[in-house]
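Notes for the one structure printed next.
Below, each value reflects all heavy atoms present in this structure, side chains not excepted, and no hydrogens, waters or symmetry copies.
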Amino acid sequence: MKNLVAAATLAAGSFVAAAHMAVAADIALISGKPDDTFFQPVKKGVDDARTVVELTGGTVNYMQLVNYDNLGPDAANLIRTAVGQGVDGLVIADWVPDSMDVAIKEAIAAGVTVMLYNSGNIEKANELGAINYVGSDEYQAGLGAGVYFTDLGYKNILCVNHVPGSFPLETRCNGVLEAAKAAGAASEQLPLPPTQADNAASVAQAIKAALLTDPSIDAILTLNPAVADWAASGIMQAGKTNSVAFGSFDMNEAGLNRIKDGTQLFAIDQQPYLQSFLAVTLLNSYLEYGLTLPTMPVLTGPGIVDASNIDATLAGVQNGAR
């Protein structure tokens, strides 16, 4: 018994010592531009995760792009800036692999632990040497949106891409295209140049022109909640509110209100709040305590919000988390 007590005491002492040896983690998360409404719940997720990290003496730096004019190279530069600041961990969306993969590999080679979120997949994480991916499966999400439209009989789906060249957005539109092909329907992209993508009037006019130029378009999918707001205006200006089906990736309160009143069919939800909150807190627990990640990947979507679950979802939007 004395030996057991001594062993237990020694083990307890070793555990306490190990706990004191934990090194507080300095983490950076790279986000989209400030006026991109998708990243509002991402920021809330970071802010909530920061509370946890700071309790253990660590820090979380929220780094944002200024715009998307030069998305890949600018994001790569933010990665290098974070590494130069001496971060222990980096949470990054691999939006443009051709530009960003080199910078991510450089960060890992410099001893920074990387977690992918929002854009990429577990295969890309493994390829680069990141410890995990937290986010949605973009191809499956696009495929699901396309199936939603084609199951209702829509034949020509326009996928509005507000950042052409962005890996997740291209992947979503490709998923829509494959779903359309499988159902004997059609789909094409409407790429918006950078000069138009941030301009509500320009986006509305581009969508109005597309609908009037090709009357066979009977469904529109946008890939961002702000673009969805502007697309709704373009559809209305074209006089097509009652004849063109409308869905969107991600959501804001205006979009959910359209679902509630029947002028928008659905929104694809990837839970961006959970993407950032889980990515930061899981990375922190890995760095501080060596805790094993619970699953690989950590999928936060896709899910579909439509008339069947709209009321429950609106509460989350009003609290800034959806």
Side-chain angles (χ1 to χ4, degrees), residues 37-38 68 138-166 168-252 254-269 302 304-308 310:
T37 56
F38 172 82
Y68 298 150
E138 302 292 10
Y139 178 77
Q140 291 299 324
L143 196 70
V147 168
Y148 196 106
F149 281 127
T150 58
D151 278 353
L152 293 174
Y154 295 100
K155 297 295 185 184
N156 190 354
I157 307 163
L158 186 67
C159 188
V160 182
N161 189 342
H162 59 284
V163 189
S166 167
L169 304 192
E170 298 286 348
T171 303
R172 292 172 183 177
C173 285
N174 288 338
V176 175
L177 177 61
E178 290 304 313
K181 284 181 178 178
S187 179
E188 63 177 317
Q189 285 194 41
L190 174 63
L192 299 176
T195 53
Q196 286 188 345
D198 289 332
N199 186 303
S202 294
V203 171
Q205 285 300 310
I207 290 171
K208 174 184 176 181
L211 291 174
L212 295 179
T213 300
D214 184 357
S216 72
I217 296 171
D218 57 4
I220 286 181
L221 179 70
T222 60
L223 308 180
N224 169 284
V227 176
D229 293 342
W230 307 334
S233 175
I235 294 169
M236 181 183 66
Q237 290 176 36
K240 303 276 189 174
T241 300
N242 295 322
S243 58
V244 172
F246 176 32
S248 178
F249 270 75
D250 308 315
M251 55 199 181
N252 55 15
L256 292 175
N257 284 332
R258 286 193 297 271
I259 293 173
K260 192 171 179 65
D261 68 24
T263 57
Q264 180 172 329
L265 271 181
F266 65 89
I268 301 289
D269 185 19
I304 290 181
V305 176
D306 60 12
S308 68
I310 185 63

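- In this structure, the separation between CD on Q264 and OG1 on T222 is 6.5 Å, given to the nearest 0.5 Å.
- Between K208 atom NZ and T213 atom OG1 the span is 11.0 Å, to the nearest 0.5 Å.
- For the pairing with L192, the side-chain contact (heavy atoms from CB on, under 4.5 Å) check across V203, N161, N199, D198 returns one residue only, V203.
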Run I304 and I268 through side-chain contact (heavy atoms from CB on, under 4.5 Å) and show every step you take.
CA-CA 5 Å; I304 290 181; I268 301 289; 3.7 Å; yes

Tell me which donor-acceptor pairs under 3.5 Å the side chains of residues 140-154 have, and how far apart each pair is, sequence neighbours excluded?
residue : atom : partner : partner atom : Å
Y148    : OH   : D306    : OD2          : 3.0
T150    : OG1  : G146    : O            : 3.1
T150    : OG1  : V147    : O            : 3.3

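- Between I310 and V305 the shortest heavy-atom distance is CD1-CG1, 4.1 Å.
- No hydrogens or angles considered: nothing links the side chains of T37 and N252 as a donor-acceptor pair under 3.5 Å.
- Partners of K155 under the salt bridge (charged side-chain N to carboxylate O under 4.0 Å, His left out) rule, at least two apart in sequence or in another chain, do not exist in this structure.
- To the nearest 0.5 Å, the span separating CD1 on I207 from CG on L212 amounts to 12.0 Å.
- Considering only residues two or more places apart in sequence or on other chains, D269 meets the salt bridge (charged side-chain N to carboxylate O under 4.0 Å, His left out) condition with R322.
- For E138 against P168, the heavy-atom pair with the smallest separation is OE2-CB, 3.7 Å.
- The two residues A206 and Q196 come nearest to each other via the heavy atoms CB-OE1, 4.0 Å.
- For the atom pair CG (N156) and CG (D214), the distance works out to 5.5 Å, reported to the nearest 0.5 Å.
- In this structure, the separation between OG on S248 and CG on L265 is 11.5 Å, given to the nearest 0.5 Å.
- Closest of all the heavy-atom pairs between C159 and L223 is SG-CD2, 4.0 Å.
- To the nearest 0.5 Å, atom CG of residue L158 and atom OG of residue S216 are 10.0 Å apart.
- Side-chain contact between V227 and F249: absent, with no pair of heavy atoms (C-beta onward) separated by less than 4.5 Å.
- The two residues G165 and E170 make their nearest non-hydrogen contact at N-OE2, 2.8 Å.
- Closest non-hydrogen pair, T263 versus F246, comes out as O-CD2, 3.9 Å.
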